[in-house]
Amino acid sequence: MPLLQVLRPTLPILIGASIMLTLSMGLRQSLGIFMQPLTHDIHISISDFTLALAVQNLAWGFLQPPAGALTVRYGFRPIMIVGALMYIAGLALMATANGLLSIMIGAGALIGTSLACTAAAIAMSVAARAVPETVRSTVLGIVSGAGSLGALLSAPIGQMLNEGFGWRIGLAGFVIMSVLMIPAAWYAGRVDKIPLPKPAADDIDDATAATAARTAFGNASFVVMTCAYLVCGMQLVFLTTHLPSYLAICGLDPMLSAQTLGMIGGFNVLGSLFFGWAGQRWNKLALLGGIYILRSLALAWYFMLPATSFSTLLFGAIMGFLWMGVGPLVAGAVAEMFGLRWQAMIQGLAFMSHQIGSFLGAYGGGLLYDALGSYTMAWRIGVALGLAGGIVQVAFALIRPSQPPAPVLRTA
């Protein structure tokens, strides 16, 4: 049966989840565009700004499991709509900021909490529940790819507004774009009416949240995936936060940073589609490790050479292809290992590691730059840890393929 025919009944849900994801991720990934003018105008340091983004990533990571658990109790729709409202409030507070406190609350706490309710873990869980298992990985790749278009659109828009009217108007433009998350979340919330499939004997759908968490951390494949996930967050947030600053130091056109983030967003689509398709056919965890290794090699190649417009755009294309491809692989692996009911929560538990890495990439990169006056040590650490994490992930996935959890005592 053609894929479109299979998906037709749930297209409004999938489109809503994709739009919500593309806005929440795209706007957040483009905040680095405003770092230089914002910090200069309100008299805060680069490390102050990156601390706010680090707080955002920690809030996102540590609130993701509770947000996933709340979807089991209250449904996806109310959680996603509350998250959309918090995103709007966070951007509005940034746009009117006059000091560090507003940036910490807006860019840090509010947007971080919003992402736990609107970004990849929730959107992927919505998509996974809405489609049959036979096409799940492919559909997760499509949703992840559609969710990648946000950076392709928001980065150039933000940069044009920033250059033409100032950073406050640029962020005001982001506020307007973020309002579209509300109707997107409403349509994605239709998934609450779709009943869960009958659980397999080894699923944990009827377990409590605490039992589901213990079962996840008792699974060796999940633990290795979670630990390796740290380097993913560290590398990606380092780039989205510090690449605009690095290009400014190199004396390149400020618009190049927006073009590069847009290039990342465009090739995100291709990478997400490819890895969604590949995850339907090959070992998802081994593919994850391969992504981490290739990213690290690309980082080393780019930062070892003098930065040019061509090398920067090529680097953006390579990293974009390897960027959100992790989304369908992680979501698909969690669904395979543990079922759908607790997917958002368990994926959130893994994501906590990712966000610890994001904290290190954002704030650690800022600290190293302030202390050493360059990004050399920061990218070298990112490359070394990325290669180590990727090699361990691939080796473990091939030596010990992931298995579903052992049956657990079902509780009411």
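To the nearest 0.5 angstrom, Ile44 atom CD1 is 5.5 Å from Leu38 atom CG. Rounding to the nearest 0.5 Å gives a distance of 8.0 Å between CD1 of Ile381 and CE of Met234. The CD1 atom of Ile79 sits 6.0 Å away from the SG atom of Cys117 when rounded to the nearest 0.5 Å. For the atom pair OG (Ser296) and CH2 (Trp379), the distance works out to 11.5 Å, reported to the nearest 0.5 Å. Interatomic distance, CD1 of Ile88 versus CE of Met177, reported as 12.5 Å (0.5 Å rounding). To the nearest 0.5 angstrom, Asn283 atom CG is 8.5 Å from Ser221 atom OG.
Side-chain contact between Trp186 and Ile182 is absent, with no heavy-atom pair separated by less than 4.5 Å. Using a 4.5 Å heavy-atom cutoff, the side chains of Thr96 and Ser102 are not in contact. Taking 4.5 Å as the limit, some side-chain heavy atom of Cys232 sits within range of a side-chain heavy atom of His354. A 4.5 Å side-chain heavy-atom check between Ile122 and Gln347 finds every atom pair outside the cut-off. Looking at Leu115 and Leu63, their side chains never come closer than 4.5 Å, going by heavy atoms from C-beta outward. Side-chain contact between Tyr187 and Ile15: absent, with no pair of heavy atoms (C-beta onward) separated by less than 4.5 Å. Pro37 is listed as a side-chain neighbour of Asn162, based on a closest heavy-atom distance under 4.5 Å. Residues Leu171 and Leu31 form a side-chain contact, since some pair of their non-hydrogen atoms from C-beta on lies under 4.5 Å apart.
The backbone N or O of Leu322 sits less than 3.5 Å from a side-chain atom of Arg295, completing a donor-acceptor pair. Between the side chain of Arg168 and the backbone N or O of Ala95, at least one donor-acceptor pair lies under 3.5 Å. Panel note: side chain Thr22, backbone Ser18; no donor-acceptor pair is recorded below 3.5 Å. No side-chain donor-acceptor contact under 3.5 Å links Gln393 to the backbone of Ala228. Of the possible polar contacts, none joining the Thr226 side chain to the Ala350 backbone as a donor-acceptor pair under 3.5 Å is found. Judged by distance alone, the side chain of Asp192 and the main-chain N or O of Phe76 form a donor-acceptor pair under 3.5 Å. Between the side chain of Ser114 and the main chain of Leu110, no donor-acceptor pair closer than 3.5 Å is present. Between the Tyr87 side chain and the Ser24 main chain, a donor and an acceptor come within less than 3.5 Å of each other.
When all heavy atoms of Leu161 and Gly173 are compared, the pair lying nearest together is CD1-CA, 4.0 Å. Closest approach of Met345 to Pro65, counting heavy atoms only: CG-O, 3.4 Å. When every heavy atom of Ile111 is checked against every heavy atom of Gly90, the shortest pair comes out as CG1-CA, 4.1 Å. The two residues Ile356 and Leu58 have their closest heavy-atom pair at CA-CD2, 4.3 Å. Residues Gly16 and Ala188 share a closest heavy-atom pair of C-CB, 3.9 Å. The two atoms that bring Lys284 and Gly279 nearest to each other are NZ-O, 2.7 Å, heavy atoms only.
For Phe34 and Phe174, the gap between ring centers is short of 6.0 Å.
The aromatic rings of Tyr229 and Phe351 sit perpendicular, their planes meeting at an angle over 60°, well past the 30° parallel limit.
Counting non-hydrogen atoms of neighbouring residues, nucleotides and ligands closer than 6.0 angstrom, the CZ atom of Phe315 exceeds 12 such neighbours. Within 6.0 Å of atom CH2 in Trp277, more than 12 heavy atoms from other residues, nucleotides or ligands are found, so the atom counts as buried in its surroundings.
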Do Phe321 and Phe274 pass the side chain to side chain contact (heavy atoms under 4.5 Å, CB included) test, and can you show the C-alpha distance, the side-chain angles, and the key distance before you say yes or no? CA-CA 9 Å; Phe321 187 79; Phe274 172 77; 3.9 Å; yes

Verify side chain to side chain contact (heavy atoms under 4.5 Å, CB included) between Ile103 and Leu93, making sure each step is shown before the conclusion. CA-CA 7 Å; Ile103 298 299; Leu93 193 55; over 6 Å; no

Verdict with reasoning, Asn219 to Val223, per side chain to side chain contact (heavy atoms under 4.5 Å, CB included): CA-CA 6 Å; Asn219 185 298; Val223 171; 6.0 Å; no

Could you walk me through whether Tyr292 and Ile391 pass the side chain to side chain contact (heavy atoms under 4.5 Å, CB included) test, one step at a time? CA-CA 8 Å; Tyr292 302 153; Ile391 291 169; over 6 Å; no

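Between Trp60 and Gln56, the side chains place no donor N or O within less than 3.5 Å of an acceptor N or O (distance only, hydrogens not considered). With no hydrogens or angles considered, a side-chain donor-acceptor pair links Ser30 and Ser154 at under 3.5 Å.
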